[in-house]
Amino acid sequence: MIPLDHCLYLSAALFVIGFLGILTRRNLIVMLMCVEIMLNA
Amino acid sequence: MNLVLFYIFGSVLVLLAGAVVLSRNPVYSAGYLVAALFLQAGIFALLGATFLAAIQVLVYAGAIMVLFLFVVMLIRLREEDLYRPRPGPIALAGAVVLFGEIALAIAHAGPPAVVRGVATGSIKDVGAALYMGYAIPLEVLSLLLLAAMVGAVSLARRRPT
């Protein structure tokens with residue numbers, strides 16, 4: 001099936017992208033969207 | 001076939017998440033996030049959690065993101081508020097270091113130590129977990145939502161002049 005490691009790598013990449021978004025963006029709504037990306041990861 | 005689809009969905013999902021973070025217009029960010037949630041529902045379906053995939057599309061992409069779009073379109077942003085987001089070198093380096101750290105932890109972890117009964121994410125499993133295992137957090141969550149609603153209504157109420 002789908003290897004568990006690859007799922008975890010995808011989740012880690014999404015988490016880091018969301019984290020980078022929170023640190024970078026100034027608009028509060030977009031920051032909330034980045035929190036949603038992290039939660040989905 | 002599942003593996004190929006997983007790689008396609010995963011790579012486009014990462015690109016869309018990057019577009020959410022880097023796009024200039026918050027409406028575009030919301031649109032990219034809706035597309036990312038659809039793709040994530042596809043990944044849920046590939047992993048066998050069909051009920052979760054359907055609920056993700058209906059609730060997350062279909063209700064929560066729609067409300068996000070309402071708010072984003074109602075706050076009229078002036079042209080000078082749309083700045084060009086540029087992650088500095090420190091932020092990018094920090095992100096690479098964080099991802100490397102997590103990837104190292106994933107690579108060094110062996111197979112999972114304890115394999116409980118595999119829950120597939122079907123309606124029966126989600127219902128059993130929600131109403132039997134996690135019943136008390138469900139009730140606490142409903143209280144939290146009630147507090148949020150009362151707060152929103154009291155904030156939006158017209159003050160008697």
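We name chains A, B, ... by the order of the sequence lines, and we start the count at 1 in each one.
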**Q** In terms of heavy-atom proximity below 4.5 Å to chain A, should B:Leu98 be classed as side chain, backbone, both, or neither?
**A** both

**Q** Nearest 0.5 Å, please: how far is OG in B:Ser29 from CG in A:Asn27?
**A** 8.5 Å

**Q** In this structure, would B:Val71 and B:Leu37 fall into the same cluster of hydrophobic residues linked by side-chain contacts under 4.5 Å?
**A** yes

**Q** side-chain contact (heavy atoms from CB on, under 4.5 Å) for B:Ile43 and A:Leu10? Distances and angles first, verdict last.
**A** CA-CA 11 Å; B:Ile43 292 182; A:Leu10 174 67; 3.7 Å; yes

**Q** List, one per line, each side-chain donor-acceptor pair under 3.5 Å for residues 30-41 of chain A, sequence neighbours excluded.
**A**
unit_1  : atom_1 : unit_2  : atom_2 : d
A:Glu36 : OE1    : B:Tyr60 : OH     : 3.4
A:Asn40 : OD1    : B:Gln56 : NE2    : 3.4
A:Asn40 : ND2    : A:Glu36 : O      : 3.2

**Q** Check for me, please, whether B:Leu52 and B:Tyr134 land in the same ILVMFWY cluster - side-chain distances under 4.5 Å, paths through other members count.
**A** no

**Q** Please check if the number of heavy atoms outside B:Leu146 that lie under 6.0 Å from its CG is greater than 12.
**A** yes

**Q** Using heavy-atom distances under 4.5 Å, tell me whether B:Val72 contacts chain A through its side chain, its backbone, both, or neither.
**A** side chain

**Q** Please classify the contact between B:Ala105 and chain A as side chain, backbone, both or neither, with a heavy-atom cut-off of under 4.5 Å.
**A** neither

**Q** State plainly whether one hydrophobic cluster holds both B:Met73 and A:Ile29, where clusters connect Ile, Leu, Val, Met, Phe, Trp and Tyr through side-chain heavy atoms under 4.5 angstrom apart.
**A** yes

**Q** Looking only at heavy atoms, what is the nearest atom pair of A:Gly21 and B:Val21, with distance?
**A** CA-CG1, 3.6 Å

**Q** Under 4.5 Å, heavy atom to heavy atom: which of residues 63-70 of chain B reach chain A? Give them by number, or say none.
**A** B:Ile64, B:Met65, B:Phe68

**Q** Hey, what else clusters with B:Leu92 if you join Ile, Leu, Val, Met, Phe, Trp, Tyr whenever side-chain heavy atoms sit under 4.5 Å?
**A** A:Leu20

**Q** Using distance only, find each side-chain donor-acceptor pair of residues 8-18 of chain B under 3.5 Å and give its atom names and separation, not counting sequence neighbours.
**A**
unit_1  : atom_1 : unit_2 : atom_2 : d
B:Ser11 : OG     : B:Tyr7 : O      : 2.8
B:Ser11 : OG     : B:Ile8 : O      : 3.1

**Q** State the CZ-CZ distance between B:Phe99 and A:Phe15, to the nearest 0.5 angstrom.
**A** 12.5 Å

**Q** Would you mind checking which part of A:Phe19 comes under 4.5 Å of any heavy atom in chain B, side chain (CB onward), backbone (N, CA, C, O), both or neither?
**A** side chain

**Q** Let me check something: do B:Ile55 and B:Leu138 share a hydrophobic cluster, defined by ILVMFWY side-chain heavy atoms less than 4.5 Å apart, either directly or through other members?
**A** no

**Q** With a 4.5 angstrom heavy-atom cut-off, which part of B:Leu46 approaches chain A: side chain, backbone, both or neither?
**A** both

**Q** Taking atom CG of A:Leu8 and atom CD1 of B:Ile106, what is their separation to the nearest 0.5 Å?
**A** 4.5 Å

**Q** A quick test of your reading: do over 12 heavy atoms of other residues, nucleotides or ligands sit less than 6.0 Å from CZ of B:Phe44?
**A** yes

**Q** Where on B:Ala36 is there a heavy atom nearer than 4.5 Å to chain A: the side chain, the backbone, both, or neither?
**A** neither

